[in-house]
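Heads up, the thing below is written out as C-alpha coordinates.
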There are 2 protein chains.
Amino acid sequence: MTNYLGLQIMVELYGCDVQLLDDPVFIEKSMLEAAQLANATVVQQFFHQFSPFGVSGTVVIAESHINIHTWPEHAYAAVDIFTCGESLNARAAIDFLEIKLKAGKVSSQKYLRGDQEVIKRFN
Amino acid sequence: MTNYLGLQIMVELYGCDVQLLDDPVFIEKSMLEAAQLANATVVQQFFHQFSPFGVSGTVVIAESHINIHTWPEHAYAAVDIFTCGESLNARAAIDFLEIKLKAGKVSSQKYLRGDQEVIKRFN
(Lines give C-alpha, C1' and ligand atoms only; values in the text may rest on other atoms or scores of the structure.)
Protein backbone atom coordinates (compact mmCIF):
# COMPACT_ATOMS: atom_id res chain seq x y z
CA MET A 1 0.00 0.00 0.00
CA THR A 2 3.00 2.34 -0.38
CA ASN A 3 1.25 4.13 -3.24
CA TYR A 4 -1.91 4.66 -1.23
CA LEU A 5 -2.75 6.68 1.88
CA GLY A 6 -5.00 4.10 3.41
CA LEU A 7 -6.27 0.58 3.43
CA GLN A 8 -9.88 -0.37 4.16
CA ILE A 9 -10.66 -3.97 4.98
CA MET A 10 -14.27 -5.02 4.64
CA VAL A 11 -15.10 -8.02 6.81
CA GLU A 12 -18.27 -10.11 6.51
CA LEU A 13 -19.12 -12.16 9.61
CA TYR A 14 -21.84 -14.74 8.94
CA GLY A 15 -23.60 -17.18 11.24
CA CYS A 16 -22.84 -15.21 14.41
CA ASP A 17 -24.51 -15.60 17.80
CA VAL A 18 -27.69 -13.55 17.40
CA GLN A 19 -27.99 -12.58 21.06
CA LEU A 20 -24.45 -11.23 21.15
CA LEU A 21 -25.09 -9.23 17.96
CA ASP A 22 -27.96 -7.43 19.68
CA ASP A 23 -26.04 -6.57 22.86
CA PRO A 24 -24.56 -3.06 22.49
CA VAL A 25 -22.43 -3.37 25.65
CA PHE A 26 -20.90 -6.64 24.46
CA ILE A 27 -20.35 -5.27 20.94
CA GLU A 28 -18.67 -2.10 22.24
CA LYS A 29 -16.43 -4.05 24.62
CA SER A 30 -15.48 -6.53 21.87
CA MET A 31 -14.70 -3.75 19.39
CA LEU A 32 -12.47 -1.95 21.91
CA GLU A 33 -10.63 -5.19 22.67
CA ALA A 34 -10.25 -5.81 18.93
CA ALA A 35 -8.80 -2.31 18.49
CA GLN A 36 -6.31 -2.96 21.30
CA LEU A 37 -5.26 -6.29 19.81
CA ALA A 38 -4.69 -4.53 16.48
CA ASN A 39 -2.36 -2.08 18.28
CA ALA A 40 -4.70 0.78 17.44
CA THR A 41 -4.72 3.99 19.48
CA VAL A 42 -8.35 4.50 20.49
CA VAL A 43 -9.47 8.14 20.34
CA GLN A 44 -13.21 7.85 20.89
CA GLN A 45 -16.00 5.34 20.45
CA PHE A 46 -19.68 5.65 19.66
CA PHE A 47 -22.23 2.87 19.77
CA HIS A 48 -25.92 2.96 18.99
CA GLN A 49 -28.64 0.35 19.40
CA PHE A 50 -31.29 0.35 16.72
CA SER A 51 -34.94 -0.44 17.28
CA PRO A 52 -36.15 -3.20 17.04
CA PHE A 53 -32.64 -4.69 16.81
CA GLY A 54 -29.12 -4.19 15.60
CA VAL A 55 -26.08 -2.28 16.81
CA SER A 56 -23.91 0.22 14.97
CA GLY A 57 -20.63 1.40 16.32
CA THR A 58 -17.50 3.27 15.40
CA VAL A 59 -14.18 3.20 17.18
CA VAL A 60 -12.23 6.27 16.08
CA ILE A 61 -8.56 5.38 16.21
CA ALA A 62 -5.49 7.52 15.54
CA GLU A 63 -4.96 5.27 12.50
CA SER A 64 -8.56 5.99 11.24
CA HIS A 65 -11.53 3.83 12.32
CA ILE A 66 -13.09 0.47 12.98
CA ASN A 67 -16.82 0.20 12.27
CA ILE A 68 -19.46 -2.41 12.91
CA HIS A 69 -23.07 -2.88 11.92
CA THR A 70 -24.92 -5.92 13.17
CA TRP A 71 -28.06 -7.59 11.82
CA PRO A 72 -29.12 -10.01 14.59
CA GLU A 73 -32.09 -11.10 12.46
CA HIS A 74 -29.61 -12.37 9.86
CA ALA A 75 -26.85 -13.55 12.28
CA TYR A 76 -24.62 -11.20 10.29
CA ALA A 77 -22.21 -8.38 11.08
CA ALA A 78 -20.38 -6.05 8.69
CA VAL A 79 -17.07 -4.72 10.00
CA ASP A 80 -14.70 -2.39 8.30
CA ILE A 81 -11.24 -1.43 9.38
CA PHE A 82 -9.77 1.69 7.86
CA THR A 83 -6.10 2.26 8.53
CA CYS A 84 -3.67 4.87 7.27
CA GLY A 85 -0.58 3.46 8.96
CA GLU A 86 1.53 0.36 8.58
CA SER A 87 1.43 -0.48 12.28
CA LEU A 88 -2.12 -1.77 12.57
CA ASN A 89 -2.54 -5.52 12.96
CA ALA A 90 -5.98 -5.79 11.36
CA ARG A 91 -5.75 -9.58 11.17
CA ALA A 92 -5.60 -9.82 14.99
CA ALA A 93 -8.78 -7.72 15.25
CA ILE A 94 -10.62 -9.78 12.66
CA ASP A 95 -9.63 -13.11 14.23
CA PHE A 96 -10.67 -11.85 17.66
CA LEU A 97 -14.10 -10.67 16.45
CA GLU A 98 -14.66 -13.96 14.64
CA ILE A 99 -14.18 -15.82 17.94
CA LYS A 100 -16.10 -13.34 20.14
CA LEU A 101 -19.13 -13.21 17.83
CA LYS A 102 -18.95 -16.98 17.25
CA ALA A 103 -19.01 -16.50 13.49
CA GLY A 104 -19.56 -19.54 11.30
CA LYS A 105 -17.96 -17.97 8.24
CA VAL A 106 -15.77 -14.92 7.74
CA SER A 107 -14.66 -13.33 4.51
CA SER A 108 -12.71 -10.14 3.99
CA GLN A 109 -11.63 -7.94 1.14
CA LYS A 110 -9.05 -5.16 0.97
CA TYR A 111 -9.68 -1.85 -0.71
CA LEU A 112 -6.96 0.76 -1.16
CA ARG A 113 -7.82 4.41 -0.45
CA GLY A 114 -6.18 7.63 -1.65
CA ASP A 115 -4.03 7.01 -4.73
CA GLN A 116 -0.78 8.94 -4.17
CA GLU A 117 -0.28 9.33 -7.92
CA VAL A 118 -3.55 11.25 -8.20
CA ILE A 119 -2.76 13.22 -5.03
CA LYS A 120 0.55 14.38 -6.53
CA ARG A 121 -1.26 15.84 -9.54
CA PHE A 122 -3.06 18.30 -7.23
CA ASN A 123 -0.02 19.33 -5.18
CA MET B 1 -28.43 -5.37 -4.55
CA THR B 2 -31.46 -7.58 -3.90
CA ASN B 3 -29.17 -10.46 -2.97
CA TYR B 4 -27.22 -8.38 -0.47
CA LEU B 5 -28.13 -6.69 2.80
CA GLY B 6 -26.12 -3.57 2.17
CA LEU B 7 -24.21 -1.43 -0.24
CA GLN B 8 -21.04 0.46 0.67
CA ILE B 9 -19.85 3.20 -1.67
CA MET B 10 -16.24 4.27 -1.30
CA VAL B 11 -15.66 7.79 -2.54
CA GLU B 12 -12.24 9.35 -3.17
CA LEU B 13 -12.21 13.15 -3.24
CA TYR B 14 -8.93 14.54 -4.60
CA GLY B 15 -7.70 18.10 -4.98
CA CYS B 16 -10.03 19.52 -2.32
CA ASP B 17 -9.75 22.89 -0.59
CA VAL B 18 -7.19 22.20 2.17
CA GLN B 19 -8.54 24.79 4.61
CA LEU B 20 -12.05 23.36 4.39
CA LEU B 21 -10.70 19.85 4.95
CA ASP B 22 -9.19 20.96 8.26
CA ASP B 23 -12.32 22.71 9.55
CA PRO B 24 -14.29 20.25 11.73
CA VAL B 25 -17.34 22.54 11.96
CA PHE B 26 -17.51 22.91 8.20
CA ILE B 27 -16.98 19.17 7.64
CA GLU B 28 -19.68 18.23 10.15
CA LYS B 29 -22.18 20.70 8.67
CA SER B 30 -21.42 19.51 5.13
CA MET B 31 -21.78 15.86 6.08
CA LEU B 32 -25.14 16.49 7.76
CA GLU B 33 -26.37 18.39 4.71
CA ALA B 34 -25.13 15.56 2.48
CA ALA B 35 -27.05 13.06 4.63
CA GLN B 36 -30.22 15.14 4.34
CA LEU B 37 -29.84 15.42 0.55
CA ALA B 38 -29.47 11.64 0.40
CA ASN B 39 -32.81 11.32 2.28
CA ALA B 40 -31.02 9.66 5.18
CA THR B 41 -32.49 9.66 8.67
CA VAL B 42 -29.75 11.03 10.91
CA VAL B 43 -29.50 9.27 14.27
CA GLN B 44 -26.28 10.72 15.70
CA GLN B 45 -23.06 12.28 14.51
CA PHE B 46 -19.52 12.29 15.85
CA PHE B 47 -16.66 14.39 14.58
CA HIS B 48 -13.08 14.52 15.74
CA GLN B 49 -10.21 16.82 14.79
CA PHE B 50 -6.81 15.21 14.69
CA SER B 51 -3.57 16.88 15.69
CA PRO B 52 -1.78 18.38 13.78
CA PHE B 53 -4.49 18.20 11.10
CA GLY B 54 -7.32 16.16 9.67
CA VAL B 55 -10.92 15.49 10.58
CA SER B 56 -12.72 12.19 11.04
CA GLY B 57 -16.45 11.94 11.30
CA THR B 58 -19.32 9.53 11.28
CA VAL B 59 -22.96 10.30 10.70
CA VAL B 60 -24.95 7.35 12.01
CA ILE B 61 -28.11 7.10 9.93
CA ALA B 62 -31.09 4.75 10.22
CA GLU B 63 -29.88 3.31 6.90
CA SER B 64 -26.34 2.68 8.36
CA HIS B 65 -23.61 5.37 8.17
CA ILE B 66 -21.72 8.02 6.26
CA ASN B 67 -18.04 8.39 7.17
CA ILE B 68 -15.35 10.87 6.30
CA HIS B 69 -11.61 11.10 6.88
CA THR B 70 -9.75 14.12 5.62
CA TRP B 71 -6.05 14.58 4.87
CA PRO B 72 -5.63 18.36 4.44
CA GLU B 73 -1.90 17.84 3.79
CA HIS B 74 -2.86 15.80 0.72
CA ALA B 75 -5.98 17.80 -0.29
CA TYR B 76 -7.75 14.44 -0.05
CA ALA B 77 -10.84 13.08 1.67
CA ALA B 78 -12.08 9.50 1.90
CA VAL B 79 -15.84 9.14 2.27
CA ASP B 80 -17.86 6.00 2.58
CA ILE B 81 -21.58 5.62 2.49
CA PHE B 82 -23.02 2.42 3.85
CA THR B 83 -26.69 1.86 3.23
CA CYS B 84 -28.97 -1.08 3.89
CA GLY B 85 -32.07 0.34 2.28
CA GLU B 86 -33.13 1.19 -1.24
CA SER B 87 -34.26 4.70 -0.36
CA LEU B 88 -30.90 6.42 0.05
CA ASN B 89 -29.83 8.77 -2.71
CA ALA B 90 -26.08 8.35 -2.29
CA ARG B 91 -25.37 10.12 -5.57
CA ALA B 92 -26.90 13.35 -4.23
CA ALA B 93 -24.62 13.19 -1.17
CA ILE B 94 -21.52 12.54 -3.26
CA ASP B 95 -22.27 15.34 -5.73
CA PHE B 96 -22.92 17.74 -2.85
CA LEU B 97 -19.65 16.89 -1.07
CA GLU B 98 -17.72 17.25 -4.35
CA ILE B 99 -19.00 20.83 -4.67
CA LYS B 100 -18.68 21.77 -0.97
CA LEU B 101 -15.10 20.49 -0.66
CA LYS B 102 -14.20 21.92 -4.09
CA ALA B 103 -12.82 18.58 -5.23
CA GLY B 104 -10.80 18.48 -8.44
CA LYS B 105 -11.42 14.80 -9.02
CA VAL B 106 -13.87 12.31 -7.57
CA SER B 107 -13.99 8.57 -8.03
CA SER B 108 -16.24 6.04 -6.39
CA GLN B 109 -16.64 2.31 -6.17
CA LYS B 110 -19.49 0.15 -4.94
CA TYR B 111 -19.03 -2.81 -2.67
CA LEU B 112 -21.87 -5.17 -1.75
CA ARG B 113 -22.18 -6.26 1.88
CA GLY B 114 -23.90 -9.30 3.41
CA ASP B 115 -24.51 -11.99 0.80
CA GLN B 116 -28.07 -13.27 1.37
CA GLU B 117 -27.16 -16.68 -0.07
CA VAL B 118 -24.54 -17.18 2.65
CA ILE B 119 -26.90 -15.76 5.30
CA LYS B 120 -29.56 -18.34 4.36
CA ARG B 121 -27.11 -21.18 5.00
CA PHE B 122 -26.94 -20.16 8.67
CA ASN B 123 -30.68 -19.66 9.21
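Please read these numbers as outputs of a predicted model, since none were measured by experiment. In the text below, chain A, chain B and the rest are named by the order of the sequence lines, each starting its count at 1.
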For chain B, find which of [options] contributes the most heavy-atom pairs closer than 4.5 angstrom.
options                            : value
A:Leu13, A:Val43, A:Val18          : A:Val43
A:Arg121, A:His48, A:Lys120        : A:His48
A:Lys105, A:Met10, A:His74, A:Gln8 : A:Met10
A:Tyr111, A:Phe50, A:Phe82         : A:Tyr111

Which pair of non-hydrogen atoms, one from B:Tyr4 and one from B:Arg113, has the smallest distance, and what is that distance?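 The answer is CB-O, 3.6 Å.
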If every non-hydrogen atom of B:Ser108 is compared with every non-hydrogen atom of B:Ile9, which pair is closest and at what distance?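 Minimum heavy-atom contact is CB-CG2, 4.1 Å.
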Run through A:Val11, A:Ile27, A:Asp80 and flag the one making a side chain to side chain contact (heavy atoms under 4.5 Å, CB included) with A:Ile68. A:Ile27
Counting only non-hydrogen atoms closer than 4.5 Å, does [X] touch chain A with its backbone (N, CA, C, O), its side chain (CB onward), both, or neither?
X       : value
B:His69 : side chain
B:Thr58 : side chain
B:Asn67 : side chain
B:Ile61 : backbone

Can you tell which of B:Ser56, B:Ala62, B:Ala75 has the highest number of heavy-atom pairs within less than 4.5 Å of chain A? B:Ala62
So, does A:Glu12 use its side chain to make a donor-acceptor pair with the main chain of B:Gly114 at under 3.5 Å?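 Yes; at least one donor-acceptor contact below 3.5 Å.
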If you round to the nearest 0.5 Å, how far is CG of A:Leu112 from CG of A:Leu7? 6.0 Å
From A:Trp71 atom CH2 to A:Leu21 atom CG, the distance as rounded to the nearest 0.5 Å: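 Atom-to-atom, A:Trp71:CH2 and A:Leu21:CG are 10.5 Å apart.
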Hey, what's the ring geometry for B:Tyr14 with B:Tyr76, parallel, tilted or perpendicular (30° and 60° as the breaks)?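 Rings of B:Tyr14 and B:Tyr76: tilted, 30 to 60°.
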